[in-house]
Amino acid sequence: MNVGVAHSEVNPNTRVMNSRGMWLTYALGVGLLHIVLLSIPFFSVPVAWTLTNVIHNLGMYVFLHAVKGTPFETPDQGKARLLTHWEQLDYGVQFTSSRKFFTISPIILFIAASPGDETRDCVDDITSGATRSVSASCNNAATDFARKRTPLLATVIHEEGIIYRVSMLILNKAAGVFSKPSRREIYEFLRSFNFRPGKVFLHKLVLGIETSCDDTAAAVVDETGNVLGEAIHSQTEVHLKTGGIVPPVAQQLHRENIQRIVQEALSTSKVSPSELSAIATTVKPGLALSLGVGLSFSLQLVDQLKKPFIPIHHMEAHALTIRLLNKVEFPFLVLLISGGHCLLALVRGVSDFLLLGKSLDIAPGDMLDKVARRLSLIKHPECSTMSGGKAIEHLAKQGNKLHFDFKPPMQRAKNCDFSFTGLQHVIDKIITQKEKEEGIQKGQILSSAAHIAAAVQHTTACHIAKRTHRAILFCKQRDLLSQSNAVLVVSGGVASNLYIRKALEIVTNATQCTLLCPPPRLCTDNGIMIAWNGIERLRAGLGILHNTEGIRYEPKCPLGVDISKEVGEAAIKVPRLKLKI
Ligand code: KG4
Ligand code: ZN
């Protein structure tokens with residue numbers, strides 16, 4: 001401390017305060033810095049504000065240190081001594097309103113810019129070249145926000161968007177260096193820095209191949225869940241004509257398409273095969289003939305490229321897909337409902353599953369397909385191109401679900417298993433009876449088809465909802481799931497049925513759970529889920545094969561550890577829920 005070292009110099013603080021030119025330069029410098037920070041692609045508006053503020057504070061510190069010494073010591077001037085910077089703040093003498101404004105405004109702006117991504121979205125639009133619609137969408141974001149908060153904050157957000165736009169324009173025009181590249185462009189750029197040929201510099205990249213049923217699909221996905229390329233060939237149209245999947249036909253179609261589909265996924269991803277970290281392929285469960293095509297093609301590719309191979313369990317891939325889109329931590333509950341699958345499982349880790357229940361006969365999608373076929377919905381002008389399940393959902397909107405009273409299956413069994421064959425037979429009988437009553441031939445459309453569709457959809461929804469409700473209660477009772485933050489993931493083709501989703505939403509609301517469904521294209525079979533499962537396994541270091549000798553496909557393969565018996569023994573009574581949909 002320099003206490004007592006009096007001299008005749010005035011307090012440098014005063015001198016600094018009076019040199020306006022210097023302050024103006026400093027303020028402009030900080031403004032420019034803020035604009036530069038805003039234009040950095042990864043920085044959101046709040047981050048840019050925070051950084052500006054922090055750098056400004058550091059600048060102030062260094063500046064005062066340089067002028068006054070550490071920690072801003074002032075030569076003792078007795079009573080003539082002016083207050084130090086910090087004393088000014090402490091005693092408030094010179095803590096003027098303008099100073100208050102400059103101190104508080106970054107904080108307000110940070111809070112104002114934080115609540116939504118509206119501004120950022122506008123900014124993204126701007127930088128991606130959508131110029132005309134941008135100001136409208138920015139205005140909308142600001143207006144929306146204004147309704148929620150105060151008009152002042154909304155204006156601030158809007159202005160920030162404009163600052164961003166102007167700064168991006170200037171910087172783009174001036175240098176072209178700061179143009180906001182897409183995530184994909186950044187990865188492509190980074191990948192061009194391969195240190196060793198054939199080795200990926202930054203990201204793990206997996207090629208996923210799926211042929212377990214009637215879709216030939218492939219995709220390239222990177223470690224961050226970025227889908228770099230995908231391709232799919234669906235056989236639905238062919239199988240609709242034959243009234244179901246004929247395995248040799250499916251096999252032939254997979255053979256005809258696999259090379260093209262994998263090539264397409266790779267070329268759209270702009271990834272050369274040598275850059276792949278691994279190849280992941282569905283090897284279980286599924287149709288033997290279909291699985292065989294995918295596996296032998298993949299093994300050839302693995303051999304040719306000398307890459308690791310990751311065999312994938314089709315259900316595991318369905319269950320983990322949600323993690324590509326949302327930050328879902330383990331453990332979570334998953335319900336898989338499609339044409340080939342029906343199960344409830346607790347996902348505790350990448351390959352750590354507890355099977356709580358499954359269908360004892362057919363899957364719900366299969367049952368809906370059979371009912372749709374029996375009702376000849378393919379001849380219905382509105383449903384001719386739809387899958388059975390989709391046709392039922394569509395027609396159900398025009399029918400009365402209470403017209404027929406189908407009892408939900410397995411009401412007495414207090415477990416989480418499912419059954420749909422009984423329901424299908426009951427509906428078969430009703431249809432035959434109605435055909436007689438209406439005097440029409442098998443193959444013609446009944447006048448009550450919409451009522452039947454509505455009733456079967458409702459009964460299916462009730463059955464699925466009840467079993468899921470019990471699974472949630474069981475997991476909570478055993479502390480397998482969080483009491484207040486549990487997540488239920490629903491996937492598979494049938495998960496795209498909005499009526500069934502609504503029923504599940506009622507269950508999750510009643511049990512304080514969050515319901516998550518991947519978008520329809522990821523609910524149904526696809527290559528992305530297989531590639532993502534490969535990424536998950538690579539990250540966890542699980543099941544990565546460097547030697548593929550002896551690897552076989554398995555048409556039947558349970559998922560995880562089956563504890564469905566234990567679930568049944570717990571015999572949890574599910575409280576009645578009003579499924580008002
Ligand atoms: O997952 P997916 O594409 O294939 C597998 O079965 O693995 O699911 C297809 C199944 C079909 O049975 C189809 O009828 C059913 O999902 N589905 C639906 C709907 N869309 C497709 N079921 C009910 N409502 C829908 N909207
Ligand atoms: Zn599937």
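Model, not experiment: these values are computed from the prediction. As the structure lists them, so they are numbered: ligands from 1, and atoms in each ligand from 1.
- Separation of the H380 and H394 ring centroids does not fall under the 6.0 Å cut-off.
- Taking a cutoff of 4.0 Å between a charged side-chain nitrogen and a carboxylate oxygen, D369 and R373 do not qualify as a salt bridge.
- The shortest N/O to N/O separation between L368 and ligand 1 does not fall below 3.5 Å.
- With ligand atoms numbered from 1 in the order given, ligand 1 contributes 1 (O), 3 (O) to contacts under 4.0 Å with heavy atoms of T524.
- With no hydrogens or angles considered, no side-chain donor-acceptor pair links N226 and T224 at under 3.5 Å.
- Neither side chain, E230 nor N526, offers a donor N or O lying under 3.5 Å from an acceptor on the other.
- In terms of protein heavy-atom proximity, atom 22 (N) of ligand 1 is nearest to G389 CA, 3.3 Å.
- For the Zn ion (ligand 2), the set of nearby N, O or S atoms under 2.8 Å includes none belonging to C213.
- Residue, atom and distance of the protein heavy atom nearest to atom 5 (C) of ligand 1 are S338 OG, 3.5 Å.
- For N533 and H318, the side-chain atoms include no donor-acceptor pair closer than 3.5 Å.
- The distance criterion of under 3.5 Å between nitrogen or oxygen atoms is met by E393 with respect to ligand 1.
- Taking all heavy atoms of Q457, H318, M315, K390 into account, the minimum distance to atom 19 (C) of ligand 1 is reached by K390.
- Taking a cut-off of under 4.0 Å to the non-hydrogen atoms of N497, the atoms of ligand 1 that pass are 23 (C), 24 (N), 25 (C), 26 (N).
- A donor and an acceptor atom, one from each side chain of D361 and T421, are located under 3.5 Å apart.
- Listed by number with element, the atoms of ligand 1 under 4.0 Å from a non-hydrogen atom of H341 are 7 (O).
- For A396 against Q457, the heavy-atom pair with the smallest separation is CB-NE2, 3.5 Å.
- Considering just the N/O/S atoms of D525, the one nearest the Zn ion (ligand 2) carries the name OD1.
- At least one heavy atom of S496 sits less than 4.0 Å from an atom of ligand 1.
- In terms of protein heavy atoms, atom 4 (O) of ligand 1 is closest to D525 OD2, 4.0 Å.
- In the model, Q300 has no side-chain atom that pairs as donor or acceptor with a side-chain atom of S298 under 3.5 Å.
- Between H463 and F418, the ring planes are perpendicular. Angles over 60° get that label, and only those under 30° would be called parallel.
- For the residue pair E438/Q433, the side-chain donor-acceptor check at 3.5 Å is not satisfied.
- In this comparison of S387, G493, A396, G339, the heavy atom closest to atom 13 (C) of ligand 1 sits on S387.
- The shortest N or O to N or O distance between G492 and ligand 1 is not under 3.5 Å.
- Of the protein's non-hydrogen atoms, the one nearest atom 12 (O) of ligand 1 is D369 OD2, 2.8 Å.
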